[in-house]
Chemist: 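Quick one: the structure is below, and I'll ask about it shortly.
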Number of protein chains: 2
Amino acid sequence: MSSAVTRARIVEIADRLFYERGYQHTSFADIGAAVGLSRGNFYYHFKSKDSILDAVIESRVASTRRMLAEWETEHDDPADRIMRFVEIVVTNGPDIRAHGCPVGTLNTELAKLDHALRGRARELFTVFRTWLRDQFALLGHADQADDLAMHVLTFSQGVAVLSNAYRDEEFVRREVDRMRDWLSTYSR
Amino acid sequence: MSSAVTRARIVEIADRLFYERGYQHTSFADIGAAVGLSRGNFYYHFKSKDSILDAVIESRVASTRRMLAEWETEHDDPADRIMRFVEIVVTNGPDIRAHGCPVGTLNTELAKLDHALRGRARELFTVFRTWLRDQFALLGHADQADDLAMHVLTFSQGVAVLSNAYRDEEFVRREVDRMRDWLSTYSR
DNA sequence: GTCTATAGTAGGATAGAC
DNA sequence: GTCTATCCTACTATAGAC
């Protein structure tokens, strides 16, 4: 198989496993078994486990940007776009209940490890933060746009952690409703 | 040294290291170096790493209950007690910026590991949840007390994750102010 | 109750054949 | 590009001396 295709498959599988089991808890053997490659062969594609993580983060940043760009074409009203983000916790409810937020849990894990790629992982938050900030600015709240963006991120992370701990779908819906009410005070 | 004292010291050190570095990332050698005990000697006190974790959780549950009981003697108004909880993210700001919330990060990590003690760790959340629920009930909101308690927990977890990722003290203060405003609508 | 020595395993990483 | 074989290190856990 071509190098590029195999590399992309490794990143895709590693992405899923890092999310489901965590970075530390995922071994080369795990990725190899899922991809269908021998352990030693990874080193043809990546020079270390960290470099796989780097590629995974890069891939997540890119796919997040694509998703946000798509939301912009699907909704003209910035408030609808923001609600689209808020509702991720419902849309991806099963994954989040099982494994938490992919961005939040990765940042939390890398912070404990004091890992070199902690800063790169934080960029994943920043992609959302910047985009949310822009939406609030479009709604006419340029002066407090970043603060409001952070508040929406705070909501999403809090819901993700507790929905993961309690696996409670109803709790998530109540929090989303509360957020919708809050957001309506900032809409046009 | 007596068995009980050594055991208590192991739990205390392990508690701190599990918080600072995470459970997986903390080895017996790490704990041993900090306590001043040889690796092999742990097994006189604990039969496995998991049993140390169990003791750490037990210890955290007990100290949390003590803390909450103390808050009840210090504040007569349930709203003041709730604010005392809300302000943990400021009071323990440096630790939370550096290592996240001890309860949230442990729950997140154990969920990824699908660890046997996940349920025990969740009790740590439940201690706070039940106490907060009781305070809202005292404020006359018995019908929605658990929902309000979960909302306060959601705030604390969201703030902890983002304050850990961005190490931003001002962000925390803004969120606490927002929470104070919200809480005032439920006070007497 | 504490120590050293060591077994046993798993994981990251490398070398070299095909 | 992929494989097997292997090295090295770190870790959990046990055995047995003191």
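Keep in mind it's a predicted model, so treat the numbers as computed, not measured. Letters go in sequence order (proteins before strands), and every chain restarts at 1.
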Chemist: Figure out the NZ/P separation between A:K49 and C:dG11, and round it to whole Å.
Modeler: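 Going from NZ in A:K49 over to P in C:dG11 covers 9 Å.
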Chemist: Can you check the B:I52 CD1 to D:dC11 P distance for me, whole Å?
Modeler: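 For the pair B:I52 CD1 and D:dC11 P, the rounded distance is 14 Å.
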Chemist: Is the ring centre of B:F171 less than 6.0 Å from the ring centre of B:Y166?
Modeler: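 No: the rings miss the under 6.0 Å criterion.
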Chemist: Check the angle between the aromatic planes of B:H151 and B:W182 and answer parallel, tilted or perpendicular using the 30° and 60° thresholds.
Modeler: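 B:H151 vs B:W182 ring planes: tilted.
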Chemist: As a test of understanding, state which of B:V161, B:T105, B:T108 forms a side chain to side chain contact (heavy atoms under 4.5 Å, CB included) with A:T105.
Modeler: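 So the option named by the test is B:T108.
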Chemist: Taking only side-chain N and O atoms of A:H45, does any of them lie within less than 4.0 angstrom of OP1 or OP2 on D:dT2?
Modeler: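 Indeed, a polar side-chain atom of A:H45 lies that close.
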Chemist: Ignoring the backbone of B:S48, work out which of D:dA13, C:dA13, D:dG1 is nearest its side chain.
Modeler: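 Taking heavy atoms from C-beta onward, the closest nucleotide is D:dA13.
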Chemist: Round to a whole Å and report the spacing from CG of B:N41 to C1' of D:dG16.
Modeler: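 Checked: the CG to C1' distance equals 14 Å.
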Chemist: May I ask you to evaluate whether A:T6 reaches the phosphate of D:dT2, defined as a side-chain N or O under 4.0 Å from OP1 or OP2?
Modeler: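 The answer is yes; a side-chain N or O of A:T6 sits under 4.0 Å from OP1 or OP2.
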Chemist: What's the NZ-P distance between B:K47 and D:dA13, to the nearest Å?
Modeler: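 Rounded to the whole Å, the gap is 9 Å.
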Chemist: Have a look at A:T26 and say if it touches a base, only the backbone sugar-phosphate, or nothing, with a 4.0 Å heavy-atom cut-off.
Modeler: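 Sugar-phosphate: the residue A:T26, judged by heavy atoms under 4.0 Å, touches backbone atoms but no base.
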Chemist: Answer with base, sugar-phosphate or nothing: what part of the nucleic acid does B:S38 contact at a heavy-atom distance below 4.0 Å?
Modeler: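 Base, at least one base atom sits under 4.0 Å.
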Chemist: If I take atom CD1 in residue B:I31 and atom C1' in nucleotide D:dA13, what distance separates them, rounded to the nearest angstrom?
Modeler: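 Atom CD1 in B:I31 sits about 14 Å away from atom C1' in D:dA13.
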Chemist: Using 4.0 Å as the upper bound for N to carboxylate O, is an ion pair formed by A:R178 and A:E175?
Modeler: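 A:R178 and A:E175: salt-bridged.
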Chemist: Let me know the distance between OH of B:Y43 and P of D:dC11, rounded to the nearest Å.
Modeler: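 Rounded to the whole Å, the gap is 12 Å.
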Chemist: To the nearest Å, give me how far apart CG (A:L37) and P (D:dT2) are.
Modeler: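 After rounding, the gap between these two atoms is 6 Å.
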Chemist: I want to check one thing: is the phosphate of C:dA10, taken as OP1 and OP2, less than 4.0 Å away from some side-chain N or O of A:S27?
Modeler: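 False: A:S27 side-chain N/O out of range (4.0 Å or more) of C:dA10 OP1/OP2.
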Chemist: Which word best sums up how the rings of A:W131 and A:W71 line up, parallel for under 30°, tilted for 30 to 60°, or perpendicular for over 60°?
Modeler: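 The rings of A:W131 and A:W71 stand perpendicular, inter-plane angle above 60°.
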Chemist: Using atom CZ of A:F42 as one end and atom P of D:dG1 as the other, report the distance to the nearest whole Å.
Modeler: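 That distance rounds to 16 Å.
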